Visitor: 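First the structure, then my questions, so here it is.
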Amino acid sequence: MLHSVCLASPLHSPKLKDSINGTSEVPNTTLLHHFTSPFELKQAVAFLIKTNKPLSLLPLSRVASICALTPDFPFAQQIFSSVDQQEVSIWNSCLRNLAEGSSLIDAIFLFHQMRCYNVSLDCFTCSFVLKACVGLRDLLRGRIVHGYVEKLGFQSNLVLLNALLHLYATCGAMADANLLFDKMPQRDAVSWNIMITQLAKKGDVDGAFDLFEKMPDRNLRSWTAMITGFVHCGKAKEAIRLFVEMEETGLRANEVTVVAVLAACADLGALDLGRRIHEYSNKSGFRRNIHICNTLIDMYIKCGCLEAAKIVFNEMKERTIVSWSAMIQGLAIHGHGDEALELFNEMIKMGMKPNEVTFLGILHACSHMGLINKGREFFTSMSRDYNISPQIEHYGCMVDLLSRAGLLQDAYELITSMPINPNAVVWGSFLGGCRIQKDVKMAEEAIRQLGVLDPLNDGYYIIMSNIYAEAKRWEDAARVRKLMKDRGVKKTPGWSSITIAGTTHEFVAGDDNHPQAEQIFKRWDELLEQMKSKGYVPNTSVVLLDIEENEKEKYVYRHSEKLALVFGLMNIKPGEAIRIMKNLRVCEDCHAAFKVISEIVKREIVVRDRNRFHCFKDGFCSCKDYW
DNA sequence: GTAGGGTTAG
């Protein structure tokens, strides 16, 4: 049958014979399956014609992929016309491969060829080329395809409308997306999910949730899209709440849901749930999923379980740069800068190429260990050896590294000479260094800049006023406080939290609202006696107020992290680590106190503050008092 | 055929 098709086909026409001119050598039969160029293809065709065999013996997908992007396109068309398969479907599968791979531009080019050579396009063609447009964020070309969709009469095809919706929403043309979504004759879960995902990605998480609540038939991907959206918009609590609700409907998390929920756990420091999801993930056979492992690493790191993160990392059969970067960053914020650098070297030895995030972790590690020269070397190396130009974040790290180490002049020079405009974080790091060095003049320069760059951030005023207070310049300190008040800036209240048996207890400074407040204060007084006998002296310089010394002590003794710790000591069984989270940086006096307490109670105390971890053990802290 | 996920400075 195929043979007769072949005989009747135009392939025996003089035209085709001309086009394979110069390829008359009889090829080996293996060429039928192994040709990789138009030239070899022509040899194969010549062989078939010569031996009177049907052209359908050729692997058509390969014919298509070889001719798709070349001027030999019509040659392939001639071959296809001899077989009993629709030409467009062969090109479509080729188009799909390109659109799903990394050759999106080639996919667009193939689409162009198909139009040039009058292939009659179908809905599949349009959907694949739209996918390529989305991948390239090529709105303009996407609009052209939209024109084709209308011209070819596919305008009521739901799948294509969804693809167009995806195009507009992903490329930021939300007005077009909304218009299309509103006027679609019918919508399915995909339509809603596209809108939810993209709205949340653009930060409109309320708009996304509004749609989520309105949509008629939610599927797992709808829930996942919404959970992911909450996480990306910094609403981890809402993400978890929704996840619990999803479980109640009987839906089971898939790999993408797991990633989102783990990320939420990382944000909140929700170790219990994180562990539960880890178990669920293993039971569900997700153990090999790299995204999940990377998020697990991050979750354990941000929950203060460095060892658990290491186990996940070590057990990974395959790692990406994200795995390495996450681990390096994790070691850095846990104060194991030396290990971070070792891991970096190991990574390089294995031939893995670092990216800009890897360097952020490395610079972070150097900064937290005071490795000034190493940090400088890495900073130079990243652009010189790896062709990665430093971003504002890398400059931020360097300014932090230098100013923390007391090299304020160097830091200042870096800021004023950097090719990017310094932002508030850069000046903020500098200001932090000024506080450590007690350099009022430099601090004043920083605060001048910050008054313009980020005038509503309370933290800068607090530090400045603290610097004045430490210099006993009470009037200036008060002036800064007043400036803050005049500008309507409120101090973020500090809080610390601790989770016991699934319940999170939050404390603020001076908190006497807690049901166990009396016992907490009593236990603290007992502890204080022991601490003093070990040499603890309260450091009242952290109190900004101009009040009597013994009044200051009372303030210090009621700091939120101390209350959380004492509560933990009372309620967590001996031997277990105590994990505390704080929304601000841990105070110096608490830091000193926790070291002594870790020795007295012989327990590990892990504190996650807004920047890093402090792991107190046997009288020492993992940050080595450099933070 | 159309919707999705991981590391990011103070």
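The chains referred to below are lettered A, B, ... by the order of the sequence lines, with proteins before strands, and numbering in each begins at 1. Note that the coordinates shown come from a computational prediction; the quantities given were computed from them, not determined experimentally.
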Visitor: Has the side chain of A:Thr257 got a donor or acceptor atom sitting under 3.5 Å from an opposite partner on the base of B:dG5?
Guide: no
Visitor: Starting at atom CG of A:Leu130, determine the distance to atom C1' of B:dA3, rounded to an integer number of angstrom.
Guide: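 Rounding to the nearest Å, CG of A:Leu130 and C1' of B:dA3 are 14 Å apart.
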Visitor: Nearest to the side chain of A:His291 - B:dG6, B:dG4, B:dT2?
Guide: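 Selected nucleotide: B:dG6.
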Visitor: Verify whether the ring centers belonging to A:Trp192 and A:Phe212 lie closer than 6.0 Å.
Guide: no
Visitor: Can you find a donor-acceptor N/O pair under 3.5 angstrom joining the side chain of A:Asn254 to the base of B:dG4?
Guide: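 Indeed there is one.
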Visitor: If the condition is side-chain contact (heavy atoms from CB on, under 4.5 Å), which residues does A:Ser325 pass it with, not counting sequence neighbours?
Guide: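 With sequence neighbours excluded, A:Ser325 shows a side-chain contact (heavy atoms from CB on, under 4.5 Å) to A:Ile321, A:Asn355, A:Val357, A:Thr358, given in chain and number order.
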Visitor: How many whole angstroms separate atom CD of A:Gln186 from atom P of B:dT2?
Guide: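 Taking CD of A:Gln186 and P of B:dT2, I get 18 Å after rounding.
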Visitor: Taking only side-chain N and O atoms of A:Lys302, does any of them lie within less than 4.0 angstrom of OP1 or OP2 on B:dT8?
Guide: yes
Visitor: Measuring from the side chain of A:Asn289 (C-beta onward, heavy atoms only), which nucleotide among B:dG1, B:dG5, B:dA3 has the closest atom?
Guide: B:dG5
Visitor: For A:Phe124, is the NZ or CZ atom of A:Arg96 found under 6.0 angstrom from the centre of its six-membered ring and inside 45 degrees of the ring axis?
Guide: no
Visitor: Can you tell me if A:Lys131 touches the phosphate of B:dG1, counting only side-chain N or O atoms and a distance under 4.0 Å to OP1 or OP2?
Guide: no
Visitor: At under 4.0 Å, does any side-chain N or O of A:His166 touch on OP1 or OP2 of B:dG4?
Guide: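 Looking at the OP1 and OP2 atoms of B:dG4, one of them is under 4.0 Å from a side-chain N or O of A:His166.
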Visitor: Classify A:Ser429 by what it touches in the nucleic acid, base, sugar-phosphate, or nothing, heavy-atom distance under 4.0 Å.
Guide: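 Result for A:Ser429 = sugar-phosphate.
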Visitor: At 4.0 Å (heavy atoms only), tell me whether A:Arg404 reaches a base, stays on the sugar-phosphate, or touches nothing.
Guide: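 Sugar-phosphate, no base atom in range.
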Visitor: Hey, does A:Ile392 reach any base, or is it just sugar-phosphate, or nothing, if we go heavy atoms under 4.0 Å?
Guide: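 Base, at least one base heavy atom under 4.0 Å.
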Visitor: Within the 4.0 Å heavy-atom criterion, would you say A:Asn219 contacts the bases, only the backbone, or no part of the nucleic acid?
Guide: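 Here A:Asn219 touches the bases of the nucleic acid.
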Visitor: Please state how far atom CE in A:Met195 lies from atom P in B:dT2, giving the value in whole angstrom units.
Guide: 19 Å
Visitor: Between A:Glu393 (CD) and B:dT7 (C1'), how many Å, whole number?
Guide: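 Taking CD of A:Glu393 and C1' of B:dT7, I get 13 Å after rounding.
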Visitor: Considering only side-chain heavy atoms of A:Gln198, which listed nucleotide, B:dT7, B:dG6, B:dG4, is closest?
Guide: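 Ranking B:dT7, B:dG6, B:dG4 by closest atom to the A:Gln198 side chain puts B:dG4 first.
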Visitor: Rounding to an integer number of Å, can you tell me how far A:Trp427 CH2 sits from B:dA9 P?
Guide: 21 Å
Visitor: Would you classify A:Leu165 as touching base, sugar-phosphate or nothing, given that sugar-phosphate means primed atoms plus P, OP1 and OP2, and contacts are heavy atoms under 4.0 Å?
Guide: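 Contact class for A:Leu165: none.
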Visitor: Rounded to whole Å, please give me the gap between NE2 in A:His368 and P in B:dT8.
Guide: 13 Å
Visitor: What's the closest nucleotide to the A:Phe128 side chain, out of B:dG1, B:dG5, B:dG4?
Guide: B:dG1
Visitor: If you check the A:Ala163 side chain, which of B:dT2, B:dG6, B:dA3 turns out closest?
Guide: B:dT2
Visitor: Would you say A:His232 reaches B:dG6's phosphate, i.e. side-chain N/O to OP1/OP2 under 4.0 Å?
Guide: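 Answer is yes, contact under 4.0 Å.
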Visitor: Picking from B:dT8, B:dG5, B:dA9, which would you name as closest to the side chain of A:Ile292?
Guide: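 Among the listed nucleotides, the one closest to the side chain of A:Ile292 is B:dG5.
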Visitor: How many whole angstroms separate atom CE of A:Met418 from atom C1' of B:dA9?
Guide: 11 Å
Visitor: Using whole Å, report how far CD1 of A:Ile194 lies from P of B:dA3.
Guide: 6 Å
Visitor: NA contact type, A:Thr320, heavy-atom cut-off 4.0 Å: base, sugar-phosphate, or nothing?
Guide: base
Visitor: Between B:dT7, B:dG1, B:dT8, which one does the side chain of A:Leu360 approach most closely?
Guide: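 Out of B:dT7, B:dG1, B:dT8, the nucleotide with an atom closest to A:Leu360's side chain is B:dT8.
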Visitor: If you look at every heavy atom in A:Val145 and A:Cys133, which pair is closest and at what distance?
Guide: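 The answer is CG2-SG, 4.3 Å.
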Visitor: Sequence neighbours excluded and cut-off under 3.5 Å, please list the side-chain donor-acceptor pairs for residues 146-159 of chain A, or say none.
Guide:
unit_1, atom_1, unit_2, atom_2, d
A:His146, ND1, A:Tyr168, OH, 2.6
A:His146, NE2, A:Glu150, OE2, 3.2
A:Tyr148, OH, A:Arg115, NE, 2.5
A:Tyr148, OH, A:Arg115, NH2, 3.2
A:Asn157, OD1, A:Val159, N, 2.9
A:Asn157, OD1, A:Leu160, N, 3.1

Visitor: Describe the nucleic acid contact of A:Thr224 in one word from base, sugar-phosphate, nothing, applying a heavy-atom distance below 4.0 Å.
Guide: base
Visitor: By nearest atom, which of the nucleotides B:dA9, B:dG5, B:dT2 is closest to the A:Lys201 side chain?
Guide: B:dG5
Visitor: May I ask you to check if A:Arg218 and A:Trp223 form a cation-pi contact, with NZ or CZ under 6.0 angstrom from the six-membered ring centre and within 45° of the axis?
Guide: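 Ring-cation test returns yes.
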Visitor: Among B:dA9, B:dG4, B:dT2, which nucleotide sits nearest the side chain of A:Asn423?
Guide: B:dA9
Visitor: Looking at B:dA3, B:dA9, B:dG4, which one has an atom nearest to any side-chain atom of A:Val190?
Guide: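 Minimum distance to the A:Val190 side chain belongs to B:dA3.
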Visitor: Apply the side chain to side chain donor-acceptor pair (under 3.5 Å) test between A:His368 and each candidate in A:His334, A:His336, A:Lys624, A:Arg612; give the one that qualifies.
Guide: A:Arg612
